[in-house]
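One structure below.
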There are 2 protein chains.
Amino acid sequence: MPDRTSGPPAEPPLGLQLAAAAREVGRAFDAALGAAGGSLSTWLVLLALTTGRAASQRELAAAVGIQGATLTHHLAGMEEAGLVARRREPTNRRVQLVELTEAGRAAFRRLRDVAVEHDRRLRVGLDPDDEAATRRVLEQLRANVAG
Amino acid sequence: MPDRTSGPPAEPPLGLQLAAAAREVGRAFDAALGAAGGSLSTWLVLLALTTGRAASQRELAAAVGIQGATLTHHLAGMEEAGLVARRREPTNRRVQLVELTEAGRAAFRRLRDVAVEHDRRLRVGLDPDDEAATRRVLEQLRANVAG
DNA sequence: CGGCAAACGTTAGAAGTCTAATCGTTAGAG
DNA sequence: CTCTAACGATTAGACTTCTAACGTTTGCCG
């Protein structure tokens, strides 16, 4: 007598499958961005700035989903590369405002093409209902581990 | 006249949602394992060894999904901690065989409880059909970026 | 007003991962 | 047989991320 539901031969845990898929997809995306002279972190920063989701570093870190210290590191490199400029907010000199330079806007357009192509490639053969179900599940998983 | 399908207000790209969910779930799991004196990498190594999916380091790295150099690093720590023992395969002295010690087996049992609980927590409120769809999608995504 | 606590950002240091270069061992071509 | 190429593992160095400690600036309470 089987001890559990005696269903299929024990599929891999959902968390493992999630981690493996995310790792491979992320790696492929980063490689594609790298071929266009970018990286995942620079893309996310450029995207958040372009869409106006963030002006200060604190907001930017939240939008990108990384810690402030990590963002400081990346911004140093991006500023060095001339993609962004930083200046203090006059009315509150603790805050560092981040702005795109012209080179930053150009880099955004280049990487956006890569991102669109990546997204297209990702969806090949995907059933729309399955995708919707997946989005629901991913949000549920986040909620289940939150707090 | 809307330029695209003019559907819902542009949901976040699937890749981003996937990465965010995987990061948060993985972080929560690692924290839980940490509270039991382990970590994600040690858990994966112990699991692969216990289930007999790997004996040499090369197989072990493949089973865990990391590079050989990274595994070397972790095994050094685990051997130091007395969880595993390494010895050369006699018939092919290039190969390093990895075996669990008694302490390693005890650690496995401890972390297994954490993993089971994590998996249970993860599935709360999940529709079985949605979960099946998600597994299909995750495999499709891996296939779409492979090669 | 003066000083203390909070907010924002930076720096320092640790952990995990990767790639490239190297070492020892083995297999195979000539 | 020998020697060269391949293989498994390790080492070295880089990158990304984190947390903790710190410096500067601001807000507010007394």
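In what follows, chains carry the letters A, B, and so on, assigned in the order in which the sequence lines appear, proteins first and then strands, with residues in each chain numbered from 1.
Looking at heavy atoms from C-beta onward, B:Glu89 lies out of side-chain contact with B:Arg94 at the 4.5 angstrom threshold. Between B:Val45 and B:Leu71, some side-chain heavy-atom pair lies under the 4.5 Å cut-off. Put simply, the side chain of A:Val64 does not reach to within 4.5 Å of the side chain of A:Thr70, judged on heavy atoms.
If you walk DNA chain C from 5' to 3' and mark each nucleotide with an atom closer than 4.0 Å to a heavy atom of chain A, the marks span C:dA6 to C:dC18.
Rounding to the nearest 0.5 Å places CG of A:Leu14 at 5.0 Å from CZ of B:Arg135.
Residues passing the ring-ring contact (aromatic ring centres under 6.0 Å, His included) test with A:His118 are A:Phe29, sequence neighbours excluded. Residues forming a side chain to side chain contact (heavy atoms under 4.5 Å, CB included) with A:Ala85 (at least two apart in sequence, or on another chain): A:Thr101.
If you check residues 21-47 of chain B against DNA chain D, the residues with a heavy atom closer than 4.0 Å are B:Arg27, listed by number. Using a 4.0 Å cutoff on non-hydrogen atoms, the parts of residues 71-91 of chain B near DNA chain D are B:Thr72, B:Arg86, ordered by number. Near DNA chain C, defined here as any heavy-atom distance below 4.0 Å, the residues from residues 54-66 of chain A are A:Ser56, A:Gln57, A:Arg58, listed numerically.
Between B:Ala22 and A:Leu18, the closest heavy-atom pair is CA-CD2, 3.9 Å. Contact detail for A:Gly26 and A:Leu40: the closest heavy-atom pair is O-CD1, 4.0 Å.
Across the protein-nucleic acid pair, A:Asn92 atom CG and D:dT24 atom C1' stand 11 Å apart, rounded to whole Å.
In terms of position along DNA chain D, the nucleotide closest to A:Gln67 lies nearer the 5' end than the nucleotide closest to the other residue of the pair A:Arg94 and A:Gln67.
Here the side chain of A:Thr70 is nearest to one of D:dT17, D:dT19, D:dC7, namely D:dT17.
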